[in-house]
2 protein chains.
Amino acid sequence: MGLTKAEEFTKAQNELASIAKALGHPARIAILQFLIKTKACVCGDIVDQLPLSQSTVSQHLSELKKAGLIKGDIEGPSVCYCIDEKNWSKASKVLLELFQSYKGNSCC
Amino acid sequence: MGLTKAEEFTKAQNELASIAKALGHPARIAILQFLIKTKACVCGDIVDQLPLSQSTVSQHLSELKKAGLIKGDIEGPSVCYCIDEKNWSKASKVLLELFQSYKGNSCC
DNA sequence: ACCTTTAATCGTAATATTACGATAATGTGA
DNA sequence: TCACATTATCGTAATATTACGATTAAAGGT
């Protein structure tokens, strides 16, 4: 059906999944890496860095924004995107918690 | 198009994205948490724990397996699933690297 | 006011995902 | 060998995602 039964899972599970989902595309990884690398929050040069059209990049940016990983400030005619510091560390925390909750005793 | 231009991105970016993609569904988060909690690698009781049909759970399991996060050993008529220890820590590492590469100086 | 630049949105097409029931495959025990 | 239990796979339908070009919207400069 393509329709996730989100209501059947906990809020924490849905939050974790939506963070991971936002990271689940190479273009969005590339965007994040570029935003991190160029410390100044560059705007639409992201488009120049990626092998994708302007509209596609804009869609990816809005998904990252929806997940809270980045934020965008209007700066004159262009928009300045950067990592959302607070949510970034929260995302890092919940992901790390999942990975660290496994203490390593697989039986197979 | 629904077709990701994977070849346009680096191997590392694609790997990171595919790990994140596998984590990008609440049912798969729930499965992993259940596998971690019940230290013995339970098999098909996963189906009983989730509000999804057997075939749907099987599909989620095979996606987690495809991403390398879990592995399954045939044990009699049933299959024993558990965290793939080696890949789990690798996944943890690459994700952590991404998050830690941001040192925190957002300008907006 | 007009044009240019920048970025979001709309319309669209192709493909992927999610989900289910039904069916097939595999292994155990009678 | 024959039923039974367990799990994977097939067929399917509905919805989501990815991507592009074209259009719109917003801000600045002339």
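Keep in mind the model is a prediction, meaning the values are calculated, not measured. All chains are named by letter (A, B, ...) in the order of the sequence lines, taking the proteins before the strands, and each is independently numbered beginning at 1.
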Assigning hydrophobic clusters by single linkage (Ile, Leu, Val, Met, Phe, Trp, Tyr; side-chain heavy-atom cutoff under 4.5 Å), is A:V94 placed with A:L23?
yes
Specify whether B:H25 and A:F9 have parallel, tilted or perpendicular ring planes, treating 30° as the upper limit for parallel and 60° as the lower limit for perpendicular.
perpendicular
Sort me out a list of protein N/O and nucleotides 8-12 of chain D N/O pairs below 3.5 Å, or just none if empty.
unit_1: D:dA8; atom_1: OP1; unit_2: B:Y81; atom_2: OH; d: 2.2
unit_1: D:dA8; atom_1: OP2; unit_2: B:S58; atom_2: OG; d: 2.8
unit_1: D:dA8; atom_1: N7; unit_2: B:Q54; atom_2: NE2; d: 2.8
unit_1: D:dA8; atom_1: N6; unit_2: B:Q54; atom_2: OE1; d: 3.0

Can you sort out which residues in residues 4-18 of chain A have a heavy atom within less than 4.0 Å of DNA chain C? Ascending by number, please.
A:T4, A:K5
Please report the distance, rounded to the nearest Å, between CD in B:E63 and C1' in C:dA19.
12 Å
Do any pairs count as a salt bridge (charged side-chain N to carboxylate O under 4.0 Å, His left out) and have a residue in residues 48-72 of chain B, sequence neighbours left out, and if so which ones?
B:R28-B:E63
Does any part of the side chain of B:I46, heavy atoms only, come nearer than 4.5 Å to the side chain of B:L35, both counted from C-beta?
yes
Quick one: are B:L16 and B:L95 in side-chain contact, heavy atoms under 4.5 Å?
yes
I'd like to check the side-chain contact (heavy atoms from CB on, under 4.5 Å) partners of A:T56; sequence neighbours left out, ordered by chain and number.
A:L52, A:S53, A:H60
Nucleotide D:dT7, atom C1' - distance to CG of B:D45 in whole Å
13 Å
B:V57 side chain reached by B:L61 side chain, heavy atoms, under 4.5 Å:
yes
Is it the case that more than 12 heavy atoms not belonging to B:I74 sit under 6.0 Å from its CD1 atom?
no
Is there a side-chain contact between A:K21 and the phosphate of D:dT17, meaning an N or O under 4.0 Å from OP1 or OP2?
yes
Tell me: CG of A:L52 to P of C:dA8, nearest whole Å?
15 Å
Distances under 3.5 Å only, N/O to N/O: pair up the protein atoms with those of nucleotides 27-30 of chain D.
none

Separation of A:D73 atom CG from C:dT6 atom P, in whole Å?
18 Å
Using the salt bridge (charged side-chain N to carboxylate O under 4.0 Å, His left out) rule, collect all pairs that involve residues 73-98 of chain B, keeping only residues at least two apart or in two chains.
B:E15-B:K90, B:K93-B:E97
Atom pair distance, as rounded to whole Å: NZ in A:K66 and C1' in C:dT9:
15 Å
Heavy-atom side-chain contact between A:T38 and A:D45 under 4.5 Å:
no
Residue A:L3, side-chain atoms from C-beta onward, closest of D:dT15, C:dA19, D:dA19
D:dT15
Can you check the A:D48 CG to C:dT5 P distance for me, whole Å?
14 Å
B:I29 vs A:T10 side-chain heavy atoms within contact, under 4.5 Å:
no
Which of the following nucleotides, C:dT17, D:dG21, D:dA16, is nearest to the side chain of A:S53?
D:dG21
Is B:H60 close enough to C:dA19 that one of its side-chain N or O atoms is under 4.0 Å from OP1 or OP2 there?
yes
